[in-house]
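Working notes for the structure below.
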Amino acid sequence: MKHYLLTYTKKRQYILFLGDMLVIALSIFISYVIRVYISRKHPAMSDVLSRFSPWLLLVMLFHWLSLYVCNQYNLNRQINLIRSSVMVILSVWSAGLIISGIFFFLPKYVFGRQVLLIHLLMLSVSLVSWRLLYTGVLAKRSKPKRLAVVGGGQIVSSFIEELSHIRNIGLIVNNLFVSNSSSTGTCPFPVSMRKHKSVLDLLESNDFDVLAFDSANGSFSDSEIRRMLEVKYRDKAVYDLPTLYKNLTGKVPLTYIDGRWLLNS
């Protein structure tokens with residue numbers, strides 16, 4: 001349990017969470033400062049501090065829950081900056097609607113409408129800025145993740161060719177297992193990619209950070225599935241090919257999916 005809580009991914013999540021909480025708290029504080037200084041001719045800091053209440057912890061909690069529900073703490077996903085920024089703004093305003101609805105029924109404490117509006121506008125800008133800064137610093141410090149691909153020759157060949165046309169994805173394919181290598185399409189596999197004789201051989205190599213498998217056309221034994229689950233809980237990202245491609249591009253090629261994938265999605 002201790003090892004799980006102190007993995008590299010978890011440590012990054014803790015830093016992101018603490019940064020979010022700090023940005024949210026500062027946004028609340030600055031919103032009150034702006035409101036007090038606008039409404040009073042001779043404002044004092046005591047006027048601002050007098051507005052604070054334990055109820056503000058509830059405001060922070062709802063913002064955090066909204067970010068969590070919008071999957072903004074999943075650092076194993078491939079992050080599209082524009083889409084992620086839109087989701088952060090959506091989470092801010094969703095939490096704002098919930099907060100305004102709850103405080104409507106709590107007359108003893110009112111998170112003023114003007115303060116709430118200032119807070120939401122400021123938080124939208126500051127939270128997106130903080131997360132872009134965090135992602136930028138993380139991207140500069142991080143090497144491209146090593147990607148292992150498992151599946152049928154035609155699908156794997158098509159997938160690798162598609163990846164070659166996507167810029168700055170932070171992934172490099174270095175390990176392969178192709179179930180029917182006689183059907184690899186028009187894209188030959190580069191010599192630099194290590195080709196394995198079996199799925200278990202690839203998994204045992206442990207020479208990858210991300211694993212992508214062809215769920216539509218690949219059949220895996222019970223031992224292979226158990227091993228893939230072990231890899232997943234060893235702090236490595238595991239995706240089926242359609243999901244990883246969707247995370248990278250927002251689209252899913254029909255050749256990558258079947259009825260089972262659509263049903264599960």
Please work out which of the three classes, parallel, tilted or perpendicular, describes the rings of Tyr73 and Trp64, given edges at 30° and 60°.
tilted
query: Is Leu202 close to Lys197 at the side-chain level, that is, under 4.5 Å between some pair of heavy atoms?
result: no
Tested for side chain to side chain contact (heavy atoms under 4.5 Å, CB included) against Leu211, the lone hit among Leu203, Leu147, Val149 is Leu203
TODO: Test the Lys236-Phe208 pair against the cation-pi criterion, namely NZ or CZ under 6.0 angstrom from the six-membered ring centroid and within 45° of the ring axis.
DONE: yes
Note: Arg131 and Gln72 closest approach over all heavy atoms is NH1-O, 3.0 Å
Report the C-alpha separation of Phe159 and Asp214 in whole Å, then their side-chain angles, then the decisive distance to 0.1 Å, and conclude whether the side chain to side chain contact (heavy atoms under 4.5 Å, CB included) test is met.
CA-CA 10 Å; Phe159 179 74; Asp214 177 13; over 6 Å; no
Judged by atom type as modelled, is there a donor-acceptor pair below 3.5 Å linking the side chain of Asn175 to the main-chain atoms of Asp207?
yes
Note: with side-chain heavy atoms under 4.5 Å as the link, the other cluster members for Met87 come out as Leu90
Fill in: Side chains of Tyr245 and Leu241 in contact at under 4.5 Å (non-hydrogen atoms)
no
Enclosure of Leu57 CG (heavy-atom neighbours >12, cutoff 6.0 Å)
yes
CG (Leu132) and OG (Ser84) are apart, to the nearest 0.5 Å, by 7.5 Å
Query raised in the report: Any Lys/Arg nitrogen of Glu224 or Arg227 sitting under 4.0 Å from an Asp/Glu carboxylate oxygen of the other?
Result: no
With Asp20 as partner, the option from Leu67, Ile15, Val88 fulfilling side chain to side chain contact (heavy atoms under 4.5 Å, CB included) is Leu67
